[in-house]
Asker: 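Quick one: the structure is below, and I'll ask about it shortly.
Treat the numbers as computed from the prediction; the structure is a model and nothing was measured. Numbering of ligands and ligand atoms starts at 1, following listing order.
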Amino acid sequence: MELNIVCIPGDGIGPEIVAEAKKVLNKVASKYGHVMNFKDILMGGASIDVHGVPLTDEAIAQAKAADAVLMGSIGGDTNTSPWYKLPPQNRPEAGLLKIRKALNLFANLRPAYLYEELAAACPLKEEISKAGFDMLIMRELTGGLYFGERKTVEENGVRKAIDTLTYDENEIRRIAIKGFEIARKRRHKVTSVDKANVLDSSRLWRAVVNEVAKDYPDVELEHMLVDNCAMQLVKDPAQFDVILTENMFGDILSDEASMVTGSIGMLSSASLNDTKFGLYEPSHGSAPDIAGKDIANPIATVLSAAMMLRYTFDLDKEADAIENAVKQVLKDGYRTGDIMSEGCVKVGCRQMGDLLAERI
Ligand code: NAD
């Protein structure tokens, strides 16, 4: 298969971690007989330095023409970098918002997986964490409260702020379909999270999810209220497979789920549209404090590349090979500084990439 991948190395540790992900992908290509064509584009601070804007129209066109985008991270030190003296629409993060909009990326996926070898970093009690967990939060990314009409008014000398939470059935249906499709690639279970005891938007959410579920009789569906879900994530995270939810609930729950893994350098993510196209990136930022030192953990980016193989290219065997390589490297006792523990061998970013590629 020929894979056309646009890479956004970005800023900070971005170029270092993307280089390691490419190394691992190249090994996958040679082992499984694929051709991977990589093309780098500039975004964030790197683009500001060259073009004066965080993302050019030409870069967007190149991203659109690719099958998928693999990104490192963008942004600098928000206190000291000159990028943050620019007007908001010219700062690095504006590039990210622009590309998400241009590519219509409405579904955000964040897996939270507890590696046995890293269980000590999990903040949950051992009696809970020993069961392990392997879940994926699917969050609607372009609707709901964050995109509704908002205003602040003053009535009779009292200030009043109004935000609106709106969803139409088409927005709900397209993300529900993604959720069920992805559950089919996993353990065939969807937990749809809402606040249907209070909100109309949640009642519509629940009704549309039930309609979509009829086309997926092989996938188990349960509904859960968001307050209960927040509790269940720390009480019994092993129960979850795919958590399907709207924008604000997903924002909060995905951070909670990430935190229970305890390891920021291990968390991948994907943003998808209604084709097979996706933008894949680690959940962490550009870590300017450790940039250029060859100490960043490339695993979140490497795992994002595995998600790309699975969800854009349907190369499940190849994605499994990457995920198994990560497990094996941890089992063999190699760690970057952020996940280091006693008795393990500390390695840098490049060496971690080499070790992963060797295990493909
Ligand atoms: P951060 O995630 O970059 O860093 C938080 C801490 O985690 C730092 O101590 C960092 O050294 C460490 N860390 C992060 N990733 C690591 C890795 N792979 N290996 C080892 N250690 C790692 O968050 P921040 O410091 O709040 O943000 C820094 C910059 O990143 C800001 O400009 C922010 O806007 C940007 N950012 C970008 C994205 C994105 O591109 N999607 C996401 C979040 C933050």
Asker: Using distance alone, with no hydrogens and no angle criterion, decide if Ser254 and Glu256 have a side-chain donor and acceptor under 3.5 Å apart.
Answerer: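 Not at all, the side chains of Ser254 and Glu256 share no donor-acceptor pair under 3.5 Å.
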Asker: Heavy atom under 4.0 Å from ligand 1: found in Tyr84's side chain, backbone, both, or neither?
Answerer: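 Contact part for Tyr84 vs ligand 1: side chain (C-beta onward).
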Asker: Do me a favour and list the nearest non-hydrogen protein atom to atom 21 (N) of ligand 1 with residue, atom name and distance?
Answerer: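 Here the nearest protein heavy atom works out to Ile290 CD1, 3.6 Å.
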Asker: May I ask you to identify, for Ile13, whether its side chain, its backbone, both or neither come under 4.0 Å of ligand 1 on a heavy-atom basis?
Answerer: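 Only the side chain of Ile13 comes within reach of ligand 1.
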Asker: In the protein, which heavy atom is nearest to atom 34 (O) of ligand 1, and how far is it?
Answerer: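 Its nearest protein heavy-atom neighbour is Glu93 OE2, 2.5 Å.
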Asker: Run the numbers for me: atoms of ligand 1, each under 4.0 Å from some heavy atom of Ala296, listed by number.
Answerer: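 Heavy-atom distances to Ala296 below 4.0 Å select 19 (N).
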Asker: Could you tell me whether the side chains of Glu323 and Tyr113 share a donor-acceptor contact shorter than 3.5 Å?
Answerer: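 Their side chains do not contain a donor-acceptor pair, so the 3.5 Å distance test is not met.
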Asker: Write out the residue and atom name of the closest protein heavy atom to atom 35 (C) of ligand 1, then the distance separating them to 0.1 Å.
Answerer: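 Checked against all protein heavy atoms, atom 35 (C) of ligand 1 sits closest to Ile74 O, 3.3 Å.
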Asker: Who's closest to atom 38 (C) of ligand 1 heavy-atom-wise, of Gly95, Gly45, Ser73, Gly44?
Answerer: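 Among Gly95, Gly45, Ser73, Gly44, the closest heavy atom to atom 38 (C) of ligand 1 comes from Ser73.
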Asker: Given the protein's heavy atoms, is any one of them under 4.0 Å from atom 24 (P) of ligand 1?
Answerer: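 No, there is no protein heavy atom closer to it than 4.0 Å.
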Asker: I need the nearest protein heavy-atom contact for atom 43 (C) of ligand 1: residue, atom name and distance, please.
Answerer: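 Here the closest protein heavy atom is Gly285 CA, 3.5 Å.
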Asker: Look at ligand 1 and say whether Ala300 reaches it with a heavy atom at a distance under 4.0 Å.
Answerer: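 Under 4.0 Å: no for Ala300.
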Asker: Relative to atom 41 (N) of ligand 1, which among Met352, Arg91, Lys293, Glu281 owns the nearest non-hydrogen atom?
Answerer: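 The option holding the nearest heavy atom is Glu281.
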Asker: Do we see a donor-acceptor contact under 3.5 Å between the side chains of Ser304 and Glu281?
Answerer: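 No, because no side-chain N or O of Ser304 sits under 3.5 Å from a partner of the opposite role on Glu281.
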Asker: Compute whether any side-chain donor of one residue and acceptor of the other, for Asp11 and Ser286, lie under 3.5 angstrom apart.
Answerer: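 No, no side-chain donor-acceptor contact under 3.5 Å.
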Asker: By number and element, which atoms of ligand 1 are closer than 4.0 Å to a non-hydrogen atom of Gly75?
Answerer: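 Listed by number with element: 32 (O).
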Asker: Tell me whether the count of non-hydrogen atoms from other residues, nucleotides or ligands lying under 6.0 Å of CE in Met248 goes above 12.
Answerer: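 Enclosed.
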Asker: Under the 4.0 Å line, does any protein heavy atom show up next to atom 5 (C) of ligand 1?
Answerer: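 No, there is no protein heavy atom closer to it than 4.0 Å.
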Asker: For atom 29 (C) of ligand 1, what's the nearest protein heavy atom and its distance?
Answerer: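 Scanning the protein heavy atoms, the shortest distance from atom 29 (C) of ligand 1 goes to Ser286 OG, 3.2 Å.
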Asker: Which is closest to atom 28 (C) of ligand 1 in terms of heavy atoms, Ser283, Pro288, Gly10?
Answerer: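 Result: the heavy atom closest to atom 28 (C) of ligand 1 is in Pro288.
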Asker: Do Ser192 and Arg206 meet the criterion of a side-chain donor-acceptor pair at a distance under 3.5 Å?
Answerer: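 Result is no, nothing qualifies.
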Asker: What I want to check is whether the side chains of Asp251 and Tyr146 have a donor and an acceptor closer together than 3.5 Å.
Answerer: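 Short answer, yes.
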Asker: Heavy atoms only, cut-off 4.0 Å: how does Asp77 contact ligand 1, side chain, backbone, both, or neither?
Answerer: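 Contact part for Asp77 vs ligand 1: neither.
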Asker: Please check atom 32 (O) of ligand 1 for a protein heavy-atom neighbour under 4.0 Å.
Answerer: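 It does; a protein heavy atom is within 4.0 Å.
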Asker: Do Gln328 and Asp332 have side-chain atoms, one donor and one acceptor, less than 3.5 Å apart?
Answerer: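 A donor-acceptor contact under 3.5 Å links the two side chains.
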Asker: Distance alone, cut at 3.5 Å: any donor-acceptor contact between the side chains of Trp83 and Asn90?
Answerer: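 No pair is found: no donor N or O on one side chain lies under 3.5 Å from an acceptor on the other.
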Asker: For Met71, take its heavy atoms, then give the atoms of ligand 1 lying under 4.0 Å from any of them.
Answerer: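 In order of numbering, the contacting atoms are 40 (O).
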Asker: Identify, for atom 3 (O) of ligand 1, the protein heavy atom at the shortest distance, and state residue, atom and that distance.
Answerer: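 For this ligand atom, the closest protein heavy atom is Ala287 N, 2.8 Å.
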Asker: Please say whether more than 12 non-hydrogen atoms of neighbouring residues, nucleotides or ligands are located less than 6.0 Å from NZ in Lys327.
Answerer: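 Check passes, neighbour count above 12.
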Asker: Looking only at distance, does Arg100 have an N or O less than 3.5 Å from an N or O of ligand 1?
Answerer: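 Min N/O separation from ligand 1 is not below 3.5 Å for Arg100.
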Asker: With no hydrogens and no angle check, just 3.5 Å: does a side-chain donor-acceptor pair link His223 and Asn210?
Answerer: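 Checked: His223/Asn210 side chains pair up, N/O donor to acceptor below 3.5 Å.
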Asker: With backbone taken as N, CA, C and O and side chain as the heavy atoms from C-beta onward, which portion of Ile264 lies under 4.0 Å from ligand 1: side chain, backbone, both, or neither?
Answerer: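 It is the side chain that gets close, since no backbone atom is under 4.0 Å.
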Asker: Could you name the option among Asn297, Ile299, Leu96, Asp289 that has the heavy atom nearest to atom 17 (C) of ligand 1?
Answerer: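 Considering heavy atoms of Asn297, Ile299, Leu96, Asp289, the nearest to atom 17 (C) of ligand 1 sits in Asn297.
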Asker: Is it the case that over 12 heavy atoms from other parts of the model lie below 6.0 angstrom from the CZ atom of Arg350?
Answerer: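 Check fails, neighbour count at 12 or below.
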Asker: Take Thr301 and Glu20 through the side chain to side chain contact (heavy atoms under 4.5 Å, CB included) test and state the conclusion after the steps.
Answerer: CA-CA 8 Å; Thr301 317; Glu20 299 318 307; over 6 Å; no
